[in-house]
**Student:** 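Just dropping this structure here.
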Number of protein chains: 2
Amino acid sequence: MNTSPPRSLRHAAARPSPTLEDLAVAAGVSRSTASRAINGGDRVSAEAQAAVDRAVVALGYIPNRAARSLVTRRTSSIALVIPEPDVRVMMDPFFAVVITGITEALRETDVQLVLLMSRTDDDSSRTLRYLRGGHVDGAIVVSHHKADSWARSLAETGLPTIFIGRPWDMAFDVTYVDSDNVGGGRLAARHLAGIGRRRLATVAGPADMTAAVDRLRGWREGLAEAGLPEGPVVHADFTTNGAVAAARRLLAEHPDIDGIFAASDLMALGVLDVIHAAGMTVPGDIALMGYDNHAVAETAPTPLTTITQPMVEMAVKAGSMLLEEIEAPGSHPEPVIYSTELVERASTSVAPTASAAKA
Amino acid sequence: MNTSPPRSLRHAAARPSPTLEDLAVAAGVSRSTASRAINGGDRVSAEAQAAVDRAVVALGYIPNRAARSLVTRRTSSIALVIPEPDVRVMMDPFFAVVITGITEALRETDVQLVLLMSRTDDDSSRTLRYLRGGHVDGAIVVSHHKADSWARSLAETGLPTIFIGRPWDMAFDVTYVDSDNVGGGRLAARHLAGIGRRRLATVAGPADMTAAVDRLRGWREGLAEAGLPEGPVVHADFTTNGAVAAARRLLAEHPDIDGIFAASDLMALGVLDVIHAAGMTVPGDIALMGYDNHAVAETAPTPLTTITQPMVEMAVKAGSMLLEEIEAPGSHPEPVIYSTELVERASTSVAPTASAAKA
DNA sequence: CGCTGCCGTGGAAGCGCTCCCACTTGACAG
DNA sequence: CTGTCAAGTGGGAGCGCTTCCACGGCAGCG
């Protein structure tokens, strides 16, 4: 005689939720009709629909997603892939904004957001396997480094995918949402030239990130446009600490510069520190610009002039584009580029050091 | 004759992924044996196991989650519920840290993180329905406001749930992870008293959040401990702007205070502004403390002394606790409280204004 | 040497759902 | 009055998986 414990309900044990069958019985219709009534009510009489609706409320019926997804081959969930080490994630509000934006695009839908963060290469392959496994209907990838080959790998799976930030590898048609980093860099050069600075330098981002490369390109274009020489360029990793080292080098080799464009606000913060440590002032001796309009740009000792991009909007767009492509596969939408704007603050004001000029 | 289009593969059309059946055939065993081999290999001979393993690699087999979850009644995913308006999410690195921590706890597991953000009440009920629907095996709730009744509602569903931050409603046994906010408040009072400040005030957080209430309680205890009077208390909403208004009121009514404890760094920033605007200095005239060890505490015009809590650790703990409770239902673990620490910076240094004393 | 017990195995049932298909009905045209 | 057709319905198959159960084989024991 079998006396083993009821293993099969080790987790359930709660009151079993009503099935479609139960619903159908309660509504006095067949399973098929109940199903139709629940899914948009195509080819269902008004009475049947009403009866089912009533039963749904009465029973507190919630369709079983697994069962549905098993037959429809749709999961009603999408993945957000973040191929970044945690440090960045924690420091940078960027990711929070992206999540908020995507969530916004997803409300009114019953699509859920699954978060996939992969730090190590090991994680990467797991993530890829997961994506391949048909566990989600689509993916949004926050693209950053040249190294990660997400773009190619994902494109090969045929899974609908949208990139936020132009991916490095464009040897095939990927859909992405980005801001006009080239234009942003140009804005920076124009602004610094516009306030009369002539010996300009930039602390650029890593050369393996498209955003950094584009900003630098725009910067150069802007300088050329203003008839200025190209000036010194140092690279850092978009972090404050990285920028400190880069700025020290910069100032040591070019003590006479009067304007610096740091390709991120976090880096500008580091540059600011170095300038101060060298006994110089901002914007008195050196006008300084950041990029991103990060919260710290406003709270910095000298509030930073910076470039802003509509990040939330971008994320919302990415979400809705993905939804579209899932709905109509094969319709490869065109990339969308959002324009950037200058935000003027004290760090480039023409007036003398204005750090105490607050309300 | 049936000439209707193959609607059923409107979305698939990719090469159909191999099923367990295919795997079994390739390995030369039965479906049952293949299944056993895949799931830990209980009661499977070494040869069979090896054959299946080989077949998995050869076919690139990935189990269908929906099918599995349909029969096991497990989804291998958990939800992170964030019942907050987006503004907060975007500004506060807290959430990013929580996500990072939970993800950390989840690696090495095949459990996925589903994000549930609910702004409106409408969202709330949707979220609750989702949670009820058995779409996840458990939930982590970032608990904040008195108003949201997540705690009770969720407890009633019997879904394994961990709260990050002690929930307001404790009329039943909930499991949570929190930091010792009372202790943190006490630390603040002790420190300010310790550097000789005697006329102390606090800008407390909203009275409907446990963290705010606890910090205030600790603050009062600390003052009593130091033999100091309770001093003025004003409330704000944990934001910079909110604190500005509160601080103005405070200074207007109590112009002689020489120490302020703001219950968050963001609020401290606002207080700092107000103090400066009133022509006073920090820490010269007024010593100022924040709470959270937020990034801005370091970059503030006057770097802020603050209280730090091991947020990542807390999130990791929440994740692993949830995993445990899912594994062994009914084992209601005890709440875990992490201790807090003081981080000393210029805003409470005894020396004269040290805002320029950087390296 | 036969019996008990256990190990490894495969067949088969079903998880809850969607959707194909066949069927019944009633309206309407011929 | 019969034929046609669309609308609404229910039966049933099957999505890919886990797990119960029955069964053959083989070791250990009396």
Side-chain angles (χ1 to χ4, degrees), chain A residues 1-12 16-25 27-52 56 59 61-76 110 133-135, chain B residues 1-12 16-25 27-52 56 59 61-76 110 133-135:
Chain A
M1 201 161 283
N2 182 4
T3 52
S4 64
R7 308 178 43 205
S8 56
L9 39 88
R10 65 181 177 197
H11 182 237
S17 42
T19 77
L20 185 60
E21 182 78 52
D22 301 334
L23 184 72
V25 170
V29 298
S30 73
R31 225 174 43 249
S32 313
T33 303
S35 175
R36 274 181 230 115
I38 282 173
N39 300 294
D42 204 28
R43 295 185 154 284
V44 177
S45 67
E47 306 92 74
Q49 181 72 55
V52 172
V56 165
L59 268 60
Y61 173 75
I62 300 173
N64 181 318
R65 224 176 213 200
R68 176 178 285 177
S69 140
L70 179 57
V71 37
T72 60
R73 287 148 187 296
R74 292 275 218 112
T75 62
S76 286
D110 72 333
H135 300 316
Chain B
M1 198 161 288
N2 182 3
T3 51
S4 65
R7 309 178 43 207
S8 57
L9 39 89
R10 64 181 179 199
H11 181 240
S17 43
T19 76
L20 185 60
E21 181 78 50
D22 302 333
L23 184 73
V25 170
V29 298
S30 73
R31 233 182 28 255
S32 319
T33 304
S35 174
R36 276 182 229 114
I38 282 173
N39 301 293
D42 205 28
R43 295 183 156 282
V44 178
S45 67
E47 306 93 74
Q49 180 73 56
V52 172
V56 165
L59 270 60
Y61 173 76
I62 300 174
N64 180 318
R65 225 173 215 207
R68 177 178 284 178
S69 138
L70 179 58
V71 37
T72 59
R73 281 144 191 300
R74 290 275 218 112
T75 63
S76 286
D110 72 333
H135 300 316

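A note on names: the letters A, B, ... follow the listed sequences, proteins ahead of strands, and every chain is numbered from 1. Keep in mind that the numbers below use all heavy atoms, side chains included, and drop hydrogens, waters and symmetry copies.
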**Student:** So, is Arg74(A) close to the dT18(C) phosphate, meaning a side-chain N or O under 4.0 Å from OP1 or OP2?
**Tutor:**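 No, Arg74(A) has no side-chain N/O under 4.0 Å of OP1/OP2 on dT18(C).
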**Student:** Please work out if Ala48(A) contacts a base, only the sugar-phosphate, or nothing of the nucleic acid, heavy-atom cut-off 4.0 Å.
**Tutor:**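 Contact class for Ala48(A): sugar-phosphate only.
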**Student:** Atom CG of Asn64(B) and atom C1' of dG16(D): how far apart are they, to the nearest Å?
**Tutor:**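 Atom CG in Asn64(B) sits about 5 Å away from atom C1' in dG16(D).
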**Student:** What is the distance from CG of Asp22(A) to P of dG16(C), rounded to the nearest Å?
**Tutor:**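 Spelled out: CG on Asp22(A) to P on dG16(C) is 8 Å.
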**Student:** When the distance from CZ of Arg65(A) to P of dC17(C) is rounded to whole Å, what number comes out?
**Tutor:**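 It is 13 Å, rounded to the nearest whole Å.
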**Student:** Quick one: side-chain hydrogen bond (donor to acceptor under 3.5 Å, both in side chains) partners of Glu47(A), sequence neighbours excluded?
**Tutor:**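 side-chain hydrogen bond (donor to acceptor under 3.5 Å, both in side chains) check on Glu47(A) returns nothing, list empty.
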**Student:** Counting only side-chain heavy atoms from C-beta out, which of dG16(C), dG8(C), dC19(C) sits nearest to Arg43(B)?
**Tutor:**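 Of the options given, the side chain of Arg43(B) lies nearest dG8(C).
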**Student:** Which parts of residues 28-38 of chain B get close to DNA chain C, meaning a heavy atom less than 4.0 angstrom away?
**Tutor:**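 Per residue number, the list reads Val29(B), Ser30(B), Arg31(B), Ser32(B), Thr33(B), Arg36(B).
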**Student:** Which comes earlier along DNA chain C counting from the 5' end, the contact point of Ala46(B) or that of Ala67(B), where each point is its nearest nucleotide?
**Tutor:**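 On the 5' side of the pair lies Ala46(B).
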**Student:** Who are the side chain to side chain contact (heavy atoms under 4.5 Å, CB included) partners of Thr33(B), not counting sequence neighbours?
**Tutor:**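 Partners of Thr33(B) by the side chain to side chain contact (heavy atoms under 4.5 Å, CB included) criterion, ordered by chain and then number, come out as Val29(B), Ser30(B), Arg36(B), Val44(B), Ala48(B).
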**Student:** Would you mind telling me which of dT18(D), dT9(D), dC17(C) lies closest to the side-chain atoms of Val44(A)?
**Tutor:**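 Nearest to the side chain of Val44(A) among the choices is dT9(D).
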**Student:** How many Å lie between CG on Asn39(A) and P on dC17(C), as a whole number?
**Tutor:**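 The answer, rounded to whole Å, is 10 Å.
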**Student:** Does Tyr61(A) make a side-chain N or O approach to OP1 or OP2 of dG16(C) shorter than 4.0 Å?
**Tutor:**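 Looking at the OP1 and OP2 atoms of dG16(C), neither is under 4.0 Å from any side-chain N or O of Tyr61(A).
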**Student:** Nearest whole angstrom, please: distance from the P of dA7(D) to the CD of Gln49(A).
**Tutor:**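 Going from Gln49(A) (CD) to dA7(D) (P), I get 16 Å.
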**Student:** Determine the contact category for Arg68(A): base if any of its heavy atoms lies under 4.0 Å from a base atom, sugar-phosphate if only primed atoms, P, OP1 or OP2 are that close, otherwise nothing.
**Tutor:**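 Contact class for Arg68(A): sugar-phosphate only.
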**Student:** Give the C-alpha distance, both sets of side-chain angles, the deciding distance and a yes or no for side chain to side chain contact (heavy atoms under 4.5 Å, CB included) between Ile62(B) and Ser17(B).
**Tutor:** CA-CA 8 Å; Ile62(B) 300 174; Ser17(B) 43; over 6 Å; no
**Student:** Between Leu20(A) (CG) and dG12(D) (C1'), how many Å, whole number?
**Tutor:**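 Those two atoms, CG and C1', are 14 Å apart.
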**Student:** Starting at CG of Leu70(A) and ending at P of dC19(C), how long is that distance when rounded to a whole Å?
**Tutor:**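 Value for this atom pair: 12 Å.
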